[in-house]
Amino acid sequence: MLDLKFIRENPELVKTGAANKNEKCDIDLILKLDGERRDIIHKVEQLKGERNKASGEIAKKKKAGESADAEIAAMRQVGEQIAGLDNDLREVDGKLHEALTWVPNLPHESAPVGKDEAANKVVREWGEKPKQDFKVLPHWEIGEKLDLLDLPAATALSGNGFYVLKGAGAQLHRALINYMLDMHTSDGFQEFNVPHIVSGETMFGTGQLPKLADDMYRIESDDLYLIPTGEVPLTNLFKNRILELDELPVNIVAYTPCFRREAGAAGKDTRGMLRVHQFHKVELVKIVRPEDSYNELENLVAQCEKVLQGLELPYRVSELATGDLSFAAAKCYDLELWAPGVGSYLEISSVSNFESFQARRMKCRFRNADKKMEHPHTLNGSGLALARLIPAIVENYQNADGTITVPSVLRPYMKGAEKIS
RNA sequence: GGAGAGGUGGCCGAGUGGUUGAAGGCGCACGCCUGGAAAGUGUGUAUAGGCAACCCCUAUCCAGGGUUCGAAUCCCUGCCUCUCCGCCA
């Protein structure tokens with residue numbers, strides 16, 4: 001959420017920022033409601049002040065045994081006026097809050113302006129594509145051949161958009177989780193295990209609600225949501241919290257499943273494991289002092305890249321254009337992995353700085369050096385998404401004889417296995 | 001799921017209709033005291049909103065309604081916590 005005062009003082013800036021993100025929100029309505037709200041507050045507070053004063057006098061008179069009937073009668077009138085104004089205020093406040101929840105975070109000035117992903121900028125590439133002078137099978141073919149992946153079984157269980165890993169495939173999945181968690185915790189991230197079902201308030205905190213309501217699974221019987229990313233519970237761990245300065249920065253990590261309805265995504269990257277309703281992810285979250293957040297964004301990208309470097313997988317990093325930024329993000333880097341079987345880059349991580357947008361929504365603050373309350377900046381990055389990592393590994397590490405070499409960093413987690421055959 | 005108890009400031013804990021934003025204590029900050037420290041002592045110590053304003057005003061004692069001239073205090077609803085029973089990985 002943006003600060004109302006900021007919107008009031010910079011309406012054009014907000015309009016431009018939202019437009020650059022292709023977001024629709026009614027800033028003029030907000031300004032109008034804000035004006036109405038302050039008018040009402042002004043009036044009602046004056047009346048409440050009067051009433052408070054009179055109340056004291058009534059109390060005094062009653063104690064002294066005098067009659068206060070005249071004052072009480074007068075205050076009854078004032079009370080009615082107050083009730084009326086309070087009602088108006090509640091209504092305006094409700095509308096204002098609703099409008100405010102639809103205002104996206106503004107893109108950072110360094111984010112390339114552009115209306116969609118075509119305007120994203122590749123900032124660097126790492127590693128070399130493996131030399132494979134044979135036809136590299138896409139993961140769904142090699143996965144089936146080596147009995148690692150059973151897509152029909154998943155369909156039978158849950159319908160379209162799920163996968164079943166078996167044998168060495170499932171083992172590889174678990175190895176990756178352990179490898180990643182071990183790396184991140186060694187680098188100072190504290191590990192958490194968190195709920196995968198959360199409340200609407202929690203979903204609001206990180207900005208999934210209201211905008212992404214249709215993209216999430218909702219449990220109607222209990223009015224709860226399945227998390228679309230570990231970011232949600234992990235960041236909201238700090239909902240309604242007041243942090244002391246020395247508690248920052250917060251560096252945390254968790255392994256969680258992610259559930260996404262992918263409504264409207266039919267037909268895009270639907271083969272194999274690439275776009276599914278449930279996948280798993282190791283997620284990193286940072287909560288930092290505002291002045292550090294852009295520096296920390298670079299640290300976080302580096303942390304996610306470290307996983308890929310350890311796995312020796314070629315990737316590229318791109319900076320998202322304003323139009324491709326998510327609702328809550330001010331700046332975002334995507335990590336994309338080359339997948340030779342599929343023949344394209346796969347988005348495997350997205351690392352974002354939300355500045356104070358999420359902190360304001362979830363009412364997380366810290367006491368700064370001047371003992372003043374301030375909203376910290378929140379960041380997160382996938383480190384990494386398993387359902388894209390596994391395809392990349394089985395394709396990049398595929399050998400001419402149809403076997404798959406196990407990346408050396410994973411062997412200790414795979415009982416020493418060097419190959420999957 | 002059944003029965004009961006309870007939710008007050010950073011923490012503990014008073015308070016059942018009238019200067020209570022809230023006694024008292026702890027903690028914390030600053031000062032005094034001290035050679036230095038402890039003890040002692042004094043002062044201060046919430047957040048948000050209105051406003052040009054750190055003056056002032058308003059709101060906030062889990063949340064939302066209600067009763068009343070006036071609610072932390074009374075009534076209703078919801079949420080959460082604890083205890084006992086049941087169930088269970």
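Just so it is clear: chains get the letters A, B, ... in the order the sequence lines come, proteins before strands, and each one is counted from 1.
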Near RNA chain B, counting only heavy atoms under 4.0 Å, which residues of residues 32-46 of chain A show up?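 When residues 32-46 of chain A is checked for heavy atoms under 4.0 Å from RNA chain B, the hits, listed by number, are A:Arg37, A:Arg38, A:Ile41, A:His42, A:Glu45.
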
Compare side-chain N and O positions of [X] against OP1 and OP2 of [N] and report whether any pair is under 4.0 Å apart.
{"X": "A:Arg367", "N": "B:U47", "result": "yes"}
{"X": "A:Asn240", "N": "B:C62", "result": "no"}
{"X": "A:Arg365", "N": "B:A48", "result": "yes"}
{"X": "A:Asn52", "N": "B:U58", "result": "yes"}
{"X": "A:Arg51", "N": "B:C69", "result": "no"}

Take atom [atom1] in [N] and the same atom in [M], then report the distance between them in whole Å.
{"N": "B:U73", "M": "B:G18", "atom1": "C1'", "value": "11 Å"}
{"N": "B:A63", "M": "B:G9", "atom1": "P", "value": "10 Å"}
{"N": "B:G7", "M": "B:G15", "atom1": "P", "value": "11 Å"}
{"N": "B:U20", "M": "B:U60", "atom1": "C1'", "value": "13 Å"}
{"N": "B:G21", "M": "B:G27", "atom1": "P", "value": "27 Å"}
{"N": "B:U47", "M": "B:A37", "atom1": "C1'", "value": "36 Å"}
{"N": "B:A72", "M": "B:G36", "atom1": "P", "value": "49 Å"}
{"N": "B:G42", "M": "B:C33", "atom1": "P", "value": "15 Å"}

Side chains of A:Tyr217 and A:Arg261, heavy atoms from C-beta outward: is any pair under 4.5 Å?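 Yes, at least one pair of side-chain atoms sits under 4.5 Å.
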
Heavy-atom side-chain proximity of A:Leu384 to A:Leu308 below 4.5 angstrom: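 Yes; the side chains approach each other to less than 4.5 Å.
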
What is the pairing partner of [N], taking Watson-Crick or G-U wobble pairs with both distances under 3.5 Å in any strand?
{"N": "B:A37", "value": "none"}
{"N": "B:U73", "value": "none"}
{"N": "B:A89", "value": "none"}
{"N": "B:A22", "value": "none"}
{"N": "B:C56", "value": "B:G50"}
{"N": "B:G4", "value": "B:C82"}
{"N": "B:C28", "value": "B:G44"}

So among A:Asn10, A:Leu13, A:Leu2, A:Val14, which one has a side chain to side chain contact (heavy atoms under 4.5 Å, CB included) with A:Ile27?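 When A:Asn10, A:Leu13, A:Leu2, A:Val14 are each tested with A:Ile27, the side chain to side chain contact (heavy atoms under 4.5 Å, CB included) holds only for A:Val14.
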
Nucleotide [N], atom [atom2] - distance to [atom1] of [X] in whole Å:
{"X": "A:Glu201", "N": "B:C80", "atom1": "CD", "atom2": "P", "result": "12 Å"}
{"X": "A:Lys363", "N": "B:C62", "atom1": "NZ", "atom2": "P", "result": "17 Å"}
{"X": "A:Met1", "N": "B:A48", "atom1": "CE", "atom2": "P", "result": "14 Å"}
{"X": "A:Ile82", "N": "B:C57", "atom1": "CD1", "atom2": "C1'", "result": "13 Å"}
{"X": "A:Leu224", "N": "B:C79", "atom1": "CG", "atom2": "P", "result": "12 Å"}
{"X": "A:Glu9", "N": "B:A52", "atom1": "CD", "atom2": "C1'", "result": "12 Å"}
{"X": "A:Lys48", "N": "B:C57", "atom1": "NZ", "atom2": "C1'", "result": "12 Å"}
{"X": "A:Asp223", "N": "B:G78", "atom1": "CG", "atom2": "P", "result": "15 Å"}

Cationic N near anionic O, under 4.0 Å, [X] to [Y]:
{"X": "A:Glu283", "Y": "A:Lys281", "value": "yes"}
{"X": "A:Lys239", "Y": "A:Glu201", "value": "yes"}
{"X": "A:Lys306", "Y": "A:Asp187", "value": "yes"}

Of A:Ile72 and A:Leu4, the one whose closest RNA chain B nucleotide lies more 5':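 Looking at the nearest nucleotide for each, A:Leu4 comes out on the 5' side.
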
Can you work out whether A:Arg76 or A:Asn87 has the more 5'-proximal nearest nucleotide on RNA chain B?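 Result: A:Asn87.
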
Applying a 4.0 Å non-hydrogen cut-off, can you work out what [X] is touching in the nucleic acid: base, sugar-phosphate, or nothing?
{"X": "A:Lys62", "result": "base"}
{"X": "A:Arg241", "result": "nothing"}
{"X": "A:Gly49", "result": "sugar-phosphate"}

Would A:Arg388 and A:Phe279 count as a cation-pi pair here, with the cationic atom under 6.0 angstrom from the ring centre and within 45° of the axis?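 No - A:Arg388 does not lie over the ring of A:Phe279 by the 6.0 Å and 45° rule.
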
Hey, would you say the A:His196 and A:Phe259 ring centroids sit under 6.0 Å apart?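 Distance test on ring centres: not under 6.0 Å, no.
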
In Å, rounded to the nearest 0.5 Å, how long is the span from CG of A:Leu313 to CD1 of A:Ile348?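 Rounded to the nearest 0.5 Å, the CG-CD1 separation comes out at 7.5 Å.
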
Step by step, would you call A:Lys419 with A:Asn399 a side-chain contact (heavy atoms from CB on, under 4.5 Å)? CA-CA 10 Å; A:Lys419 279 193 176 177; A:Asn399 302 310; 3.9 Å; yes

